[in-house]
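Read through the structure below, which is laid out as structure tokens, and then see the notes.
All values below come from the heavy atoms of this structure, side chains included, with hydrogens, waters and symmetry mates left out.
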Amino acid sequence: MLPRPLCPAAGRGGGGEAAAAGRRGAGGARPRRRGGGGGGGAVLLPSMLMFAVIVASSGLLLMIERGILAEVRPPPLHPAAGGEPPRRRAAGGSSDLEHQVLQDTRNRTIRAVCGRRAMPRSVWDLPPGQRRTVLKHLLVSDKYRFLYCYVPKVACSNWKRILKVLDGALESVDVKLKMDHKSDLVFLGDMKPDEISYRLKNYYKFIFVRNPMERLLSAYRNKFGEIKEYQLKYGVEIVRRYRKGGGQSAGDDVTFSEFLRYLLDEEAERMNEHWMPIYNLCQPCAVRYDFIGSYERLNADANYVLEQVQSPSFIRFPERQSWYKPVTAETLHYYLCNTQRRLIKELLPKYILDFSLFAYPLPNITSEFCRQ
């Protein structure tokens with residue numbers, strides 16, 4: 001039986017115990033699992049109208065096993081809570097209609113989850129650790145009066161390039177330089193409380209989201225396949241912990257299953273930002289975002305945001321780098337279908353808010369699908 005995920009104590013303003021779903025995590029007693037800590041009473045997560053019933057009855061795993069939720073396959077996303085739909089979309093009546101339906105679904109879900117009476121109403125109601133996380137992920141443009149919550153593995157490097165160009169620190173988004181993720185950027189967390197409150201109240205706020213499993217796979221392939229620092233800092237420990245006789249590993253041979261086992265044993269609040277749930281990073285209950293763009297509609301949604309903040313006409317969202325290896329549907333299918341179903345099922349509660357609030361389908365890991 002799957003324990004019910006807990007709803008973070010967050011509101012239309014607050015993110016509360018944002019890692020509750022993650023800490024309570026999966027069913028079964030995993031020997032290295034850290035305990036859940038925590039705040040007030042358990043609150044059931046509603047989502048897309050049917051998650052409440054599914055989770056309350058502990059039927060989530062059964063639904064996953066039968067592929068029922070995987071069939072709820074929304075079209076590419078989103079403009080979000082408030083704001084007009086993008087005006088630069090390509091013509092196509094049915095896709096526009098699907099887009100509006102999805103937008104409405106997501107907005108209703110966010111209101112249902114974040115509007116509960118016990119939820120905090122602002123970032124100031126969050127526990128200090130959660131408040132620090134969201135404030136250090138909110139980038140500020142005072143010139144164009146917007147806040148952008150960056151999510152690693154969701155095109156955040158390109159958005160940081162745009163911020164640097166808007167601020168005059170970078171000549172062009174196409175400059176071939178290694179991205180410095182700290183310099184020439186202004187973080188909301190570095191400001192005084194009254195300055196933070198003013199910007200949260202008066203600036204245009206947006207985030208970009210991505211299918212949770214696709215984002216995890218992207219982080220896994222990038223960090224453990226290409227980045228020596230991550231191989232040494234995380235990979236060596238992961239292999240040592242989860243592989244018999246893995247003490248000699250250099251951290252560059254972490255398997256996807258080992259990575260997922262590591263995520264199961266980590267508290268969501270303490271995760272590295274590249275695989276921390278988007279909910280924990282950006283607290284969409286504590287911060288009322290004007291727009292939630294998606295990786296699947298990156299260019300269209302980015303153009304819409306640039307239009308909303310009245311950026312100069314010469315500013316455009318950068319093209320994907322030639323060296324970048326995107327996660328395709330086939331790649332995701334391969335990794336998911338070659339991973340123990342139990343691992344994926346146990347991991348889902350930790351990311352359930354990302355799936356539900358942003359209207360992403362749960363992964364289809366049925367035998368029938370994986371035989372295709």
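- Ile196 places none of its side-chain heavy atoms less than 4.5 Å from the side chain of Arg131.
- Using modelled atom types, no side-chain atom of Asp184 and backbone atom of Lys164 make a donor-acceptor pair closer than 3.5 Å.
- Residues Pro363 and Leu348 approach most closely at CD-CD2, 3.8 Å, considering heavy atoms.
- Between Trp275 and Phe259, the ring planes are perpendicular. Angles over 60° get that label, and only those under 30° would be called parallel.
- A distance of 10.5 Å separates CG of Leu281 from CG of Leu138, quoted to the nearest 0.5 Å.
- A distance-only check finds a donor-acceptor pair linking the side chain of Arg341 to the backbone of Ile365 [under 3.5 Å].
- Using modelled atom types and a 3.5 Å distance limit, the side chains of Tyr150 and Glu273 yield a donor-acceptor pair.
- Note: Phe256 and Tyr335 have perpendicular aromatic rings, judged against thresholds of 30 and 60 degrees for the angle between ring planes.
- Nearest heavy atom pair, residue Glu171 against residue Val165, reads O-CG1, 4.3 Å.
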task = Kindly determine whether Glu237 and Arg241 satisfy salt bridge (charged side-chain N to carboxylate O under 4.0 Å, His left out), including the steps that lead there.
result = CA-CA 6 Å; Glu237 170 62 18; Arg241 188 188 298 182; 3.4 Å; yes
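- By the 6.0 Å and 45° rule, Lys223 does not stack over the aromatic ring of Tyr234.
- Proximity of a side-chain donor or acceptor of Asn338 to a complementary backbone N or O of Tyr334 within less than 3.5 Å is detected.
- Contact check for Pro312 versus Leu166: side-chain heavy atoms found under the 4.5 Å cut-off.
- Atom-to-atom distance recorded for Lys205:NZ and Arg145:CZ is 10.5 Å, nearest 0.5 angstrom.
- Judged by distance alone, the side chain of Arg261 and the main-chain N or O of Ile238 form no donor-acceptor pair under 3.5 Å.
- In terms of heavy-atom proximity, Asn280 sits nearest to Thr133 at O-CG2, 3.6 Å.
- Put simply, the side chain of Phe317 does not reach to within 4.5 Å of the side chain of Val305, judged on heavy atoms.
- Closest heavy-atom contact between Ser294 and Asp301: N-OD2, 3.0 Å.
- For the residue pair Leu170 and Arg161, the shortest heavy atom distance occurs at CD2-O, 4.1 Å.
- Here the side chain of Lys350 pairs a donor or acceptor atom with the backbone of Leu264 at under 3.5 angstrom.
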request  = Show the numbers, then the answer: is there a side chain to side chain contact (heavy atoms under 4.5 Å, CB included) between Leu216 and Leu347?
outcome  = CA-CA 11 Å; Leu216 288 181; Leu347 187 64; 3.9 Å; yes
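- Separation of atoms CD (Gln340) and CD (Glu346) is listed at 9.5 Å; rounding is to 0.5 Å.
- One hydrophobic cluster, built from ILVMFWY side chains closer than 4.5 Å, cannot hold both Ile227 and Leu232; they sit in different ones.
- Judged by distance alone, the side chains of Tyr203 and Asp290 never bring a donor and an acceptor atom under 3.5 Å apart.
- Contact annotation: the side chain of Val151 never approaches that of Val209 to less than 4.5 Å [non-hydrogen atoms, C-beta and beyond].
- The closest side-chain heavy-atom distance from Tyr144 to Ile315 is not below 4.5 Å.
- Under a 3.5 Å cut-off, the side chain of Asp167 and the backbone N or O of Ala169 do not form any donor-acceptor pair.
- The shortest side-chain heavy-atom distance between Arg111 and Arg108 falls under the 4.5 Å cut-off.
- Aromatic rings from Tyr289 and Phe206 are positioned such that their centres are separated by 6.0 Å or more.
- Looking only at distances, a side-chain donor or acceptor of Tyr220 sits under 3.5 Å from a matching main-chain atom of Val254.
- Both Phe146 and Leu139 sit in one connected hydrophobic cluster of ILVMFWY residues. Membership requires side-chain heavy atoms under 4.5 Å apart, directly or through other members.
- Considering all non-hydrogen atoms of both residues, Gly235 and Phe224 come closest at N-CE2, 3.7 Å.
- Judged by distance alone, the side chains of Glu296 and Tyr360 do bring a donor and an acceptor atom under 3.5 Å apart.
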